[in-house]
Amino acid sequence: QDKEVNIAVSIPAADHGWTGGVVYHAERAAKLLEAAHPGLKITIKTSPDGASQANALEDLTTQGIDALVTLPHNSDELTDPLRQVKEKGVFVTVVDRALSDPTIQDLYVAGNNPELGRVAGEYLKDTLKTGDVVVIRGLPIVIDEERQKGFDDAIAGSGIKVLDKQFGNWSRDDAFKIMQDYLTKFPKIDAVWCQDDDMAVGVLEAIDQAKRTDIKLVIGGAGMKDMIKRVADGDAMTPINVLYPPSMIATAMELTVANFYDQVPVRGKYILDATLVTKDNAKEFYFPDSPF
Amino acid sequence: MSDNPSKTATVPVLEARGIAKAFGPVEVLTDISLRVMPGEVHAIIGENGAGKSTLMKLMSGHLKPTRGTVAMDGEPVSFAGPVDAEHRGLVLVHQEILLAPDLTVAQNIFMGRELKRGLMVNDREMNRQSAEAVQSLGADIDPTTQISRLSIARRQLVQIARALQVPHRVVIFDEPTASLTPFETEALLKVIRDLRDRGVAILYISHRLPEVGAIADRITVLRDGKLIATREASELQPVDMARLMVGRDMSKLYPEREDTASHQNVLEVQNFHVPGYARDASFTLRKGEILGFAGLIGAGRTELLEGIVGLRTGHGEVKLNGNPVKFKTVRDSMAAGIVYLSEDRKGKGLLLAQDLRTNLTLATLEKFTRGPLIERKREDNSLDKAISDFDIRARRRDLLAGQLSGGNQQKLLLAKMMLLEPSIVIIDEPTRGIDIGTKEQIYKFISDLAKTGKSVIVISSEMQELIGICHRILVMRSSRIVGEVTGEAMTEDEIVVYATGVKINEAELYSAGNA
Amino acid sequence: MTDTKTITDTRGFGRKLADLDKTAVAPFLALAALFVLGALVNPNFLSIDNLLNVLTRSSFIAIIAIGATFVISAGGLDLSVGSMAALVAGIMILFLNSASIDGDVAMLATGIVVALGVGALAGLLNGAVITIGKIEPFIVTLGTMAIFRSVTVWLADGGSIAMKSIAMRNMFRPVYTGVFLGLPIPVWIIIAAGLLGAFILYKTSFGRHVIAVGSNEDVAKYSGIHVNRVRAMTYIIQGICVAIAVVVYVPRLGAATTTTGMLWELQAITAVVIGGTALRGGVGRIWGTICGAFMLEIVGNIMVLSNIVSEYLIGAVQGTIIIIAMLVQRTLQKKK
Amino acid sequence: MTDTKTITDTRGFGRKLADLDKTAVAPFLALAALFVLGALVNPNFLSIDNLLNVLTRSSFIAIIAIGATFVISAGGLDLSVGSMAALVAGIMILFLNSASIDGDVAMLATGIVVALGVGALAGLLNGAVITIGKIEPFIVTLGTMAIFRSVTVWLADGGSIAMKSIAMRNMFRPVYTGVFLGLPIPVWIIIAAGLLGAFILYKTSFGRHVIAVGSNEDVAKYSGIHVNRVRAMTYIIQGICVAIAVVVYVPRLGAATTTTGMLWELQAITAVVIGGTALRGGVGRIWGTICGAFMLEIVGNIMVLSNIVSEYLIGAVQGTIIIIAMLVQRTLQKKK
Ligand SMILES: Nc1ncnc2c1ncn2[C@@H]1O[C@H](COP(=O)(O)OP(=O)(O)OP(=O)(O)O)[C@@H](O)[C@H]1O
Ligand SMILES: Nc1ncnc2c1ncn2[C@@H]1O[C@H](COP(=O)(O)OP(=O)(O)OP(=O)(O)O)[C@@H](O)[C@H]1O
Ligand SMILES: [Mg+2]
Ligand SMILES: [Mg+2]
């Protein structure tokens, strides 16, 4: 058990709720794993954008590492830099965002973005059958595009009509503003889908303040604790949530460590479900101590 | 002057004891000892760069002497700064304009010592007192006007008004009249006499020697940073002063007037308007002629000529050598051989934070480039030539333009614009702040230009100099050209009559006839 | 001499009116143009509800921008206000959650005092480093922007800091949602902050000194004004304004997150400049600034209410509108 | 006239050295201090590999900041460079993907020309609106920042734009990864851009005009300089520098995303200011700027190499280091 292993974790900086959760879970997992394996050293580095993440990857490899666990800002941009890491003989685990060249990653722990959109879309379709929906997107990046596409595919051909889509920048303040304006713009809205729970908080507040009663559903996503709690409490407007746990980084770290310390080599692809959280199973996903 | 306290007082209110000042390795003042008595007007004269302003700054806490001490009432003092000096009753009216351009006249006059009513500033009272203060200087400036909208002369007056607003025992005036016309000058001299009669000590710097003779009780002459002499004013005639300053005889200030003006019109201006500043201006300029523009402050002379050369929006007919021209930008007029030298050498003439070389060649860089490259060597040669041609006194070549003495800045500006080799030169206040020796050089320079077939327009508030060098003088009053004087008629009286509007009927006749 | 009189006379009241026109009115005319655009895009735009929503929303930026007007007219710049808002909000909520004082009202009142104190201290930090260290405000506040943001993220453990007590939240909420005499409370706060700001800037000697320092530092120094003290004070005022904005912000969503206040600095500076204050200093227009903040919020509102552009291109349209608004303003300024 | 003789002729080497001390050397000394810090934090820091990596990476900001030195020393400001980089990169890649010209080399060469053209045009847009519209550069470039970003998002359909042809990518990659005479190609490009920039700024009449305009616009105007033309030209140079940076950037990551170039404007301005160029204009230090860009990148590198601070607080440490570096520089400037 004294094997010396250096693992680097490269993730986005905590610039909004979900990435904040990623950093939190990564740091927590690192402590637990290091405690379990005395020879293990885990270095966590956050980067605010793709280019600086590429820099961080260079710097981490310069220091000499055995494995890299990374949640890339953008797979197109980071494919080449990760290839260079791989060429140095490092074990590469990619989380959430698959690379354009899958041969680079030894292990891929996938959160499933299109699935997050699809599950939300399916639920709306099944619950409402017909109705007018407004959408609040995140920032214009790949994840957002994938979630949107999953959603659009799910409701295609149904009676669900999307009235409007706007970017809320994954910020509750911006979502609040956009929702206020939606409420001004559309006299009747049946449901709101926002790509992220952080934004759902702003949306709910705006609806609350406007005292509008026509909105039946607000569907968020990613499993933020406040929203899961609402689901568990049986809030009528937020009966469900779609899971997209930031703890996937911890899963990936555990699997990577297992590859070095357990006898079984770990390779391939682990896809996490975009689990539908309802009142029935909400308790399982409620972690009051998590910052997200 | 019978009860002049200076005759009785024995302790100088302000005293320099063996002061020296060096900037870097260069000593610009050596061993100056000076005693200023209460109730005297003590004039300091000297060539440009002699060190007058520096001495004043040393004595008013703006600079610290390298050696020697300053004493007040016989006690050595060390000012923490100009504000400290002001608290002790010692104020300096700077040669440069030091006012906040975005604030109004009254706000500047009371800056740092606003009058208050409760928590609030008492604007009404400050405006009233400012208007009064300015009026006592013979000017009429709305105290709510922003400084940035005032001409240099008016700014100078505001600055003087500001200095006189604090309780003072010693007031230092560094070339207060350089940009004033005789009217404002007279008013200022009256104010100074009043101050003196109240026992205030005055230090007074000016290059206008007759003025110095009229106001000063004692005169100190500086040359090259050394004190040459301190004399009773009654002992010195302007010629003597000039001799002491420059170290040689100054018999004749103005060059022999030669009739260099030909009959060929090089510039014809018809009905030129500069919105807000000049109306219906028509005049002609002949080859080899020196044409003067006289007028009171605010008459619009500067703006009219700026409009003609394309520095301001203006419209009207302009013909150059008989061909209609339209100067959209000043570059166009420069290309056509007309240059304009601004009266505002600090704001519009020179880059104060750049060195002499950069400033000298700025308008003519294309002459100093081969391919894309500036030839430093040729620039340096040109600077050498300018320094000797225009007698620019910079003790080091790498000084910034802002570190030159005021007069030397003017010479540098002249040298800069002359590199354009113009055929028509418009000089706005050519000798403002220039010492008498250099004035002579500049007048000679202007008359030499005319001799070589160039034409010169001189805008000046010093009537004597216009009369001394011009072939013809146009007088402007409130935005119009109201009169022309030539030959025998070129007297101060005649010009004043036009400038103040007393001869209004004839003036209007004149401009109607011209249109 | 007689003539001088006639010249000055034309510069009396008439000129003052013209002065006013040029500078103060231009942003309001640009605002009016935006109203027309809004009304064309969506009839709901002119509804009282919508306008009050927008006005209320603009309160954070407006209040912060009032502080920025001081900083900028003294020739400074503060890029840290957004992060500072997040930090102040975070600390205020943490304090409220600590329940260290008996009674919700007392707790809330103390919380507000804490916020104001933290804001003033953060401003003092900026001001002190800038004046004592003689470093460009751009660099200093870019640095403190990173520092404040980082500390907030650290306090929030990467997540968000939310008010725990539901009771206190309900009690606090009306500060954002409440209405008094037909106007939302935040609007009253803008008005109060604007009046106070205008009073300080235009009617007190301190305000005069702010403008003097921004107009020409040397002159101010020679006039016996403590330039550093005045300058540092503007940053403290900025900090206090940020804290006031936070007091309005926190009751809205009851939380500070890592994105709180993101890009507010740019919005505040834009509001100030659109309002007619020059970035080089020496001019300060409180009411123009408030108008500018309102304009920014309206442009965003119009974008959401309109159906014309793809959501991808909204930023482009928004940028263009702001440039055009500025162009309109400049043209009006010159015409008058 | 005799006086002329006494003028000390200080044209020689001695003066140049003294000049150099004060202004140019300070940032390099601050850089040296960072080297010491880096070496203390991690012994790997001083390895050639690491230093070359950092130097190579700093190339984007360094090259952009060279352009920014022109803009800023002429008294302007350009906040749009980051978005402009994204736009130029996006258009360049879309062009390369279009495969409209036979032969990969020809295609790549044309792609580079396209990038330079788009950059120059974007700069011209900024310059034209600023000079003709007489609007504060801050507002104009904040507007175009939004516009360029938006258009990129729209071109990328909300996602990213990646180079399709693997062959072309492999051919292009050495522009970032290649080494020539022991130095990475991007470092050569920095050197070339620096030399060219220094030549233009210090040795040509245009450069002189830039400084004159930034020093005092009125004096420049009265000296017959086309102020607007010079000013607009600095923005075009900035655009071209952005395009050059993009030509180095694209082979590294092979893609343009909606976040490409985010915050580069702040980094570029910081590099310029740390390098000794004043934001108010009239001074320009090309080599200082490059040194500043390098310093910024080193601070980031030290952060990654160190293990002392929590990830949440890295921003705070980074901000502090930059302020301290600036403080060191200012103190050195004054001492000498
Ligand atoms: N800050 C400075 N650094 C270096 N040299 C300076 C500085 N200030 C003034 N000098 C030099 O000191 C000398 C004296 O300048 P000063 O301004 O006192 O002259 P002056 O007698 O007032 O001349 P003028 O009549 O032209 O105003 C000049 O040679 C000038 O270049
Ligand atoms: N603050 C002001 N507001 C409006 N008009 C002004 C103002 N100051 C001056 N003017 C107008 O500008 C014109 C010319 O001003 P200016 O003082 O520049 O003239 P000038 O003849 O060049 O004077 P100087 O002797 O100072 O060179 C006058 O017609 C005057 O009415
Ligand atoms: Mg002098
Ligand atoms: Mg004039």
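With rounding to the nearest 0.5 Å, the separation of CG in D/D218 from CG in B/L311 is 9.5 Å. Here NZ of D/K203 is found 8.5 Å from CD1 of B/I374. Values are rounded to the nearest 0.5 Å. The OH atom of D/Y222 lies 11.0 Å from the CE atom of B/M334; values are rounded to the nearest 0.5 Å. For the atom pair CD1 of D/I225 and CG of B/L365, the computed distance is 7.0 Å after rounding to the nearest 0.5 Å. Within the model, atoms CE of B/M417 and OG of D/S223 stand 6.0 Å from one another, a figure rounded to the nearest 0.5 Å. How far CG of B/L373 is from CD1 of D/I200: 12.0 Å, rounded to the nearest 0.5 Å.
When B/K346, B/R345, B/E379, B/E375 are compared by the number of non-hydrogen pairs under 4.5 Å with chain D, B/E379 comes out ahead. Chain D forms more heavy-atom pairs under 4.5 Å with one residue of B/L350, B/T369, B/L341 than with any other, namely B/L350. Per-residue counts of heavy-atom pairs under 4.5 Å with chain B were compared for D/H209, D/E217, D/R208, D/H226; the largest is that of D/R208.
Judged by distance alone, with hydrogens and angles left aside, the side-chain atoms of D/N216 form a donor-acceptor pair with the main-chain N or O of B/G347 at under 3.5 Å.
Residue-level contacts of residues 325-332 of chain B with chain D, in order of numbering, are B/T329, B/V330, B/R331; threshold 4.5 Å between heavy atoms.
Looking at B/S333, neither its backbone nor its side chain comes within 4.5 Å of chain D, counting heavy atoms on both sides. Only the side chain of D/F199 comes within less than 4.5 Å of a heavy atom of chain B; its backbone N, CA, C and O stay farther away. In this structure, chain D has a heavy atom under 4.5 Å from the side chain of B/E306, while its backbone stays farther away.
Atom CZ of B/R378 is surrounded by more than 12 heavy atoms from other residues, nucleotides or ligands within 6.0 Å.
A donor and an acceptor atom, one from each side chain of D/S215 and B/Q354, are located under 3.5 Å apart.
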